Amino acid sequence: MNQVLRTHNCGELRSSNIGQEVTLCGWVDKSRDHGGTIFLDLRDRYGKTQVVVNPDCGEAALRTAKELRGEDVVRIHGVVESRLEGKDNSKLPTGEIELRANRVELLNRCKTPPFFPGQEELPSEDLRLKFRYIDLRRETMRGTLVKRSEIIKSMRDYFADNGFIDIETPILGRSTPEGARDYLVPSRVHWGHFFALPQSPQLYKQILMVAGFDRYVQVARCFRDEDLRADRQPEFTQLDLEMSFVDADDVMGMIDGLMAKLAQEFLGIELQLPLPRLTYDEAMQRYGTDAPDLRFGMEIVDCSDLAAQTEFRVFRGAVDQGGFVRGIKVEQRAADFSRKRIDELTEFVKNDFGAKGLAWFRVEPDGKLWSPISKNIEEPVLQGLAEKFETQPGDLLLLLADSWDVTCKGLNGLRKTLGAELGLYDPKQMHFSWVVEFPMFEKDEDRWVAMHHPFTAPRTQDLPLLESNPSAARAQAYDLVINGYEAGGGTVRIHDQLTQSKVFELLSITPEVAKDRFGFLLDGLQYGAPPHGGIALGIDRIVMLFTGLDNIRDCIAFPKTQRAMDLMTQAPGTVEDKQLHELHIQVETPPAK
RNA sequence: GGCCCAGUGGCGCAAUUGGUUAGCGCAUCGGACUGUCGAUCCGAAGGUUGAGGGUUCGAGCCCCUUCUGGGUCGCCA
């Protein structure tokens, strides 16, 4: 009778449609059977509509409706009617109307599912992942994926409006031993040779600049075979871009504009531009991390100078060994910290960050610092601490005496934990900032390694430092930080051979090795490479932050578990011997347990 | 690889801290009901506590091993 399966969706009918004959398709979200009258909540991507079936609708319709169960797929033909006086449902946009059915058609029966999309308690995550098609029917999951789609569209529009062109780069590429562990793809044609999936399109986009494409952008899938976290998946999506004839300010300015647009469209907030900038050194000193959560204070205070004046061995010893004594202040909440809680925090900094212990002081009503260790510390030093931290009665001080690294990591860990626990910020609040001037190099055991990648340009004023003092050299690198998450990072690249050679030399990358690994880029740089720079934004993380979620899996339709498995498809799986044979691969027998 | 948390009918939780027959809500199945929207009411079925081993007169609970999921450190240029 009807040529079309449906005339409307389940989210669009309103009072203005009253009297119309329509056909809806969808899933039975819920049915309420009153014997004579049956109410069905029909659900699809767009919303829910209430369907009424009663004896006036015909026996066949009533009989079919009676047998419907949750998640059955149905098609309903009927007339849009106003709900009875006072029976509107204000929770639904379609709540003023209902569909009086005259035909009820079961399109497909649903087995009793392990859980229902509408149920109040969320099932365990492994079950949600195994039955992802059911989990994705949940309103929040649907909402997140819709918003993700809208965010990506908005990004693409922005860059298109700014003259960027979208160019795809290969997924099958070449392994570069630096950086994260690669996912490898064996070559059938080339015995013993492998492709690597891209960790990022880094080298290709630089080549595109050499090719003159000027402004490139891509929504790029990236792969890194490293252990997972709440904000890390083995495959993830970057908004990757590169620009020619620009400096760091130009790139950051472009992203400032993007963030302002996204914040306005999706959060309804007006960002003040330019976004605040913080140097790497400042970030480490004040927050102990290169990605600080700036929604609250609780800044780190360095009291190493005072520690040098005490005989107390823990403090003095740390400083004498070239370490630091640094701490944070919990304002007015000392009473919230039981001895047990402080013990837990001590275990936390010991276990997770290798701290030797946690020193703490309570500020007494008379303003004096009290601690189990305060009797070991000279009065002037205690007073100095109080002044340095600008303490008030009721404050709590937490101090670490350790290496720079441990104090940074430990205090950052404490600050993040306590900031959330004490509710020092509104979880809905958003803070955008840049961290700039990263070091060019860091020491890994005895050798220098690139902090970002070996093509990162140093600040021009730091060029002489490459020879004299590499550790002091700062890069033209910038990270976008949102709420304590690294939401993106980029650099201005080296575009001249001389600087590139110097950097390689420092990184102990011989010309031969360099030629072998990325000879094509080095060649390219000699054929008219423009100055260029770019950035990559973590789309999954940005979606996570913009939707207020605390893990990245909920922003991805089909994510992997912590052990990098897909519970729905059971990937990765074994393959047939024939396939292995074709690829010239032998699988080792796992060691006996 | 280290540390931490969790695993009990299909789902979410409980079990007085080692003591009778493992309990509740939702879902499922059957019945009743013409206005519900987390419908309601009556009834039924359904678990040996992730797996293996140990301690004990007795283990969901204690110990060891292991599997799965999650958090985190290392790792992630």
Side-chain angles (χ1 to χ4, degrees), chain A residues 29-42 48-57 62 69-71 81 83-92 94-95 98 100 111-131 134 176-182 199-200 202-203 222-234 236 344 347-355 406 409-410 413 416-417 438 440-442 444 448-456 475 477 486 489 491 503 507 509 517 538 550-551 553 560-563 565 567 593:
Chain A
D29 193 63
K30 202 88 190 176
S31 86
R32 293 176 292 281
D33 184 351
H34 289 244
T37 301
I38 298 169
F39 297 98
L40 300 170
D41 291 337
L42 197 61
K48 289 186 212 172
T49 301
Q50 172 161 288
V51 175
V52 192
V53 192
N54 65 14
D56 302 340
C57 302
L62 193 63
R69 296 291 176 269
E71 301 310 301
E81 292 190 349
R83 291 206 182 186
L84 296 185
E85 187 70 30
K87 300 293 187 183
D88 291 0
N89 185 348
S90 57
K91 289 183 200 158
L92 294 179
T94 61
E98 61 194 8
R100 181 162 298 267
K111 282 173 65 177
T112 300
F115 62 93
F116 288 89
Q119 74 184 43
E120 51 281 17
E121 295 117 339
L122 205 57
S124 62
E125 193 161 356
D126 48 338
L127 202 72
R128 292 174 51 207
L129 291 173
K130 186 171 175 195
F131 296 91
I134 295 172
T176 50
E178 304 223 334
R181 195 175 294 111
D182 283 319
Q199 296 180 20
S200 78
Q202 182 60 40
L203 300 179
C222 304
F223 306 85
R224 294 179 190 175
D225 187 5
E226 297 292 347
D227 287 348
L228 283 70
R229 287 288 185 282
D231 64 347
R232 246 160 53 189
Q233 280 275 304
F236 58 101
E344 284 168 4
E347 284 310 302
F348 171 55
V349 292
K350 279 182 171 175
N351 288 335
D352 276 12
F353 308 107
V406 169
K409 287 177 177 164
K416 279 206 299 205
T417 304
F438 281 76
M440 280 289 287
F441 312 103
E442 54 190 350
D444 179 31
W448 292 110
V449 293
M451 190 142 177
H452 209 83
H453 57 60
F455 316 108
T456 303
E486 182 193 330
T491 63
V503 170
L507 297 171
I509 299 174
R517 288 183 195 172
D550 58 5
N551 90 68
R553 294 181 300 280
K560 298 195 171 39
T561 65
Q562 194 162 62
R563 294 183 64 249
M565 275 213 18
L567 294 183
K593 292 215 168 170

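Computed from a predicted structure; not experimentally measured. Quick note on labels: first sequence line is chain A, next is B, and so on, each numbered from 1.
For Asp41(A) and Arg32(A), the salt-bridge test passes: some basic side-chain N is under 4.0 Å from an acidic carboxylate O.
Counting any heavy atom pair closer than 4.0 Å across all strands shown, Asp225(A) reaches no nucleic acid atom. Nucleic acid contact class of Glu344(A) (heavy atoms, under 4.0 Å, all strands): none.
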Check step by step if salt bridge (Lys or Arg N to Asp or Glu O under 4.0 Å) holds for Arg553(A) and Glu125(A). CA-CA 10 Å; Arg553(A) 294 181 300 280; Glu125(A) 193 161 356; 2.5 Å; yes
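Nucleotide rU34(B) holds its P atom 13 Å from the CG atom of Asp56(A), rounded to whole Å. In this structure, Lys87(A) atom NZ and rA39(B) atom P are separated by 15 Å, rounded to whole Å. In this entry the distance linking CZ of Arg128(A) with P of rG7(B) reads 19 Å, nearest Å. Summarising the geometry, the separation between CZ on Arg83(A) and P on rA39(B) is reported as 13 Å, rounded to the nearest angstrom. If you measure from atom NZ of Lys350(A) to atom C1' of rC4(B), you get 16 Å, rounded to the nearest angstrom. Look at CZ on Phe39(A): it is 9 Å from P on rC37(B), rounded to the nearest Å. For the pair Gln50(A) CD and rG38(B) P, the computed distance is 10 Å after rounding to whole Å. Spacing between atom CG of Asp33(A) and atom P of rG35(B) amounts to 11 Å, rounded to whole angstrom units.
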In B/S/- notation, 5' to 3', how is nucleotides 41-50 of chain B contacted by protein heavy atoms closer than 4.0 Å? ----------
Using a cut-off of 4.0 Å between protein heavy atoms and nucleotide atoms, how would you tag nucleotides 68-73 of chain B 5' to 3' with B, S and -? SSBBBB
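OP1 or OP2 of rG35(B) sits under 4.0 Å from a side-chain N or O of His34(A).
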Distances under 3.5 Å only, N/O to N/O: pair up the protein atoms with those of nucleotides 24-30 of chain B.
residue, atom, partner, partner atom, Å
rC29(B), OP1, Arg69(A), NE, 3.4
rC29(B), OP2, Arg69(A), NE, 3.1

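Residue whose closest nucleotide on RNA chain B sits further toward the 5' end, between Asp41(A) and Ser200(A): Asp41(A).
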